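Below, chain A is the first sequence line, B the second, and so on; all start at residue 1. Just so it is clear, the model here is predicted, and its values are computed rather than measured.
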Amino acid sequence: MGFFKNLFQSKKKTKTSEKYRLGMQKTRQGVFNRLNDVLSEATLDDSVFEEIEEIFIMADMGVDTVVSFVNHLRDTVDLNALDSPEDLREIIVEEMFKRYTKDTIIDTNLDIDHDPAVILFVGVNGVGKTTSIAKVAHQLQEEGKSVMMVAGDTFRAGAIEQLRIWSERVGSSFFEKPAGSDPSSVMYDAIQEAKEENIDVLLCDTAGRLQNKKNLMNELSKIHKVLGREIPNAPHETLLVLDATTGQNGISQAKIFNEVTTLSGIVLTKLDGTAKGGIALAVYENTGVPIKMIGLGEGVDDLEYFDIEEYIYGLFSDVV
Amino acid sequence: MAFDQLSDRMQMALRRIRGKARLTEKDIDDMMREVRLSLLEADVNFKVVKKFTNDVKEEAKGDKILKGLNPSQQVIKVVRDQLSELLGGETSPFTVNKTRMDKIMLVGLQGSGKTTTAGKLAKYLRKNENQKPLLVALDVYRPAAVDQLVTIGKQLDVEVFERGTDKDPVSIAKEALEYAEKEGFDAAIFDTAGRLHIDDKMMDEIKAIRTTIKPDQSLLVLDAMTGQDAVSVAKHFHESLDITGGIITKLDSDTRGGAALSLRAVSGVPIKFMGVGEKLDALEVFHPERMAGRILGMGDVLTLVDKVSENVDEDDMMGMMEKMTSGTFNYNDFLKQLKMIKRMGSLGGIMKLIPGAKKMMKNTNVDESQLTRVETIIGSMTKEERKKPNLLEKESRRRKRIANGSGYKVADVNRLIESLKQQKETMKKMGGMDPSKIDPNNPMKAMQGMQAPTQKKKKGKGKGKGGFRF
């Protein structure tokens, strides 16, 4: 099992991992620090398993997942007749990798090779859609793309202004219609203008909506349709913006938004503020929708492409 | 409502012991294991869950209960009482000063809903406390946060104090305070920027704002969908700012709402209000006991009565009841009834407050766009047709004309005709009821009686479905 140790040591050198480590310091120190204490205990008895269970649940990893995870740990320990909590260190990390990387390579690159490409941002209220759009716009512009932000949240007071200010800061194009306009018509008009202006990527904002509001979800599916009618296969990316402090409701959000708009990925925001963030793992396990990007701060460049290996490494680097 | 899923799981756990004549300690342990998992799944803080399950077990295993009459019912009562205790026991009333200006500061994480809540609170104070509130925009960081509050102020016709985004919030707060006192406002609501509880610099800033304002109320705005972190958020804010109360937002989502359960239990801070929608009147006083009852599936008739008496003219209501029972119910009444329901808030929200209705409605999605459809169709009827529903039933050309005029299909018109007929029939059954016996303060009590039989018919498993009765 030295493999993982090697993997970790080689990872340590790369620059992104450092950023992960820093951004996720809170997460590591918060919940998983306790894991270290537990694994340093003298005897491997039931209370150790209970505490591990407790730690993972407190990280918002989801009760079902945690119960099955810890049962697996128990079995492994029985099978190999292990007697020291220390032995659990690598088993935990290995099992984590097995569970969440699933032997597949997850492509976190955004599908933007279209003319123009359309990225639709969806999510519940207050998760940080507008800020995420600004960050993605910044990143794409750095890569030399011309970007247009589309103010599709015509409902919330001040939403259009908020996106406009971001577009000015980032220096991207911006499309808006008056507050209260039908968001589908905003999308339609924005596409026409983007075609004229030769925009590479459209970043479409939508109003925050709770996933159990049927009317609002219908509205979203209409937006989705309108985009696809104007540009073949658009939106090329539909990203669910998810607040990392969210609890188990994150699973419901991912499931229902996925049903309505077929998500291509998740942007996990505010990860720098939470000591938990295990919802990232729970959502992936429950829906299979990959996390593509994470927000690690309030600055416009505090957005990283997500790498589940880096993430798990970030969580457990102090454990192994 | 938010607690639906939580209550479903709870009910499952409790149903296991319900009806058992004798209970063993093992029964209680088994039940509590389920309860524990359901609370954890609902994002209730781990430590809170531990304490809760221990408390319930200790009380439930006492001789008095295990060997007493109806042990299962008594155990359920213990769960309910402890749950209500966890939520905060008695309702913690929101009180305002009679003699001087109220200073209210809203704080919380980014995206928890402070600005919207500030607007709702202003509306609440004006409506329920007869106050003249001032909204103060202190979020100079988030782009367009000030614009957002100004727009909300315009919608409510409430004055907003703002100094743009170039000044520091502490001095804006000071200026606003002087202005509000000079201009004779009854309350000043300070909308502060969202901040991370672990961001020391920003926490220092909010402490400075607090020292300047010396608020009567420092309210923590907390997203109901928050996970296990809710507790440390609450703790940090409370330690820095001496929070006086909590406002749980987005409780109209499908979250199980464990954050709400944990807030009071961990920090001792009482929950004052809950946000239940995007409209600016979607703010309700938080009643711990009623919420506990709702979690256990007992419905929440009291909240419904509050809503009804707040929004509906009593005469209107009684007039309607008379009409309904006399069988002369027509489209004008139908429309009036719809408008009443609309005024009370979302239809789904109201139905869920009625015991038993929740289960009944499980698969019938109440779509508010249906209300709009009905309004449009009735709008396309002539005055005579509205008064005499049977005209439509008899003549298909009328139905066709109405469909064309309203832009809907004939089938939609037919559906409306059908539902009016159904209503009339239900009302006739109700006619057996003496209208004078209907308590004007609680007209829904009569409705409630109507719910039970329908429910039994639909589900075929009436027993054990109608919520708990102690």
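The shortest non-hydrogen separation linking A:Glu54 to B:Lys50 is OE1-NZ, 3.2 Å. Residues A:Leu210 and B:Met225 come closest through the heavy atom pair CD2-CE, 3.8 Å. Between B:Asp43 and A:Asn249, the shortest heavy-atom distance links the atoms OD2-N, 4.1 Å.
Here the CG-CD1 distance, from B:Asp229 to A:Ile279, works out to 12.0 Å after rounding to the nearest 0.5 Å. Taking OG1 from A:Thr245 and NE2 from B:His197, the interatomic distance works out to 9.0 Å, rounded to the nearest 0.5 Å. Interatomic distance, CG of B:Leu196 versus NZ of A:Lys270, reported as 8.5 Å (0.5 Å rounding). Of the inter-residue distances, the one linking B:Thr115 atom OG1 with A:Arg156 atom CZ reads 8.0 Å to the nearest 0.5 angstrom. Atoms CG and CD1, from B:Asp147 and A:Ile160 in turn, are 11.0 Å apart once rounded to the nearest 0.5 Å.
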After noting the C-alpha distance and the side-chain angles of A:Asn125 and B:Glu278, does the key distance pass the side chain to side chain contact (heavy atoms under 4.5 Å, CB included) rule?
CA-CA 10 Å; A:Asn125 316 62; B:Glu278 291 192 73; 3.3 Å; yes
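Of the listed residues A:Gln211, A:Gln162, A:Lys213, A:Glu298, the one with more heavy-atom pairs under 4.5 angstrom with chain B than any other is A:Gln162. Listed options B:Gly119, B:Pro143, B:Ser112, B:Gly113 were ranked by heavy-atom pairs under 4.5 angstrom with chain A; first place goes to B:Pro143. Taking A:Ala157, A:Gly250, A:Gly158 one by one and counting their heavy-atom pairs under 4.5 Å with chain B, the maximum is reached by A:Ala157.
A:Arg169 touches chain B through its side chain: at least one heavy atom from C-beta onward sits under 4.5 Å away, while N, CA, C and O do not. Only the side chain of B:Arg36 comes within contact range of chain A, judged by heavy atoms closer than 4.5 Å. In this structure, chain B has a heavy atom under 4.5 Å from the side chain of A:Leu216, while its backbone stays farther away. Within the 4.5 angstrom heavy-atom criterion, no atom of A:Leu163 approaches chain B. For B:Lys154, no part lies under 4.5 angstrom from a heavy atom of chain A.
Every residue was checked against the salt bridge (Lys or Arg N to Asp or Glu O under 4.0 Å) condition with B:Glu159, not counting sequence neighbours, and none meets it. Taking the side-chain hydrogen bond (donor to acceptor under 3.5 Å, both in side chains) definition, one finds that A:Arg209 meets it with A:Glu219, sequence neighbours left out.
Surrounding NZ of B:Lys51 are at most 12 heavy atoms belonging to other residues, nucleotides or ligands under 6.0 Å away.
In this structure, the side chain of A:Asn212 engages the main chain of B:Asp252 through a donor-acceptor pair within 3.5 Å.
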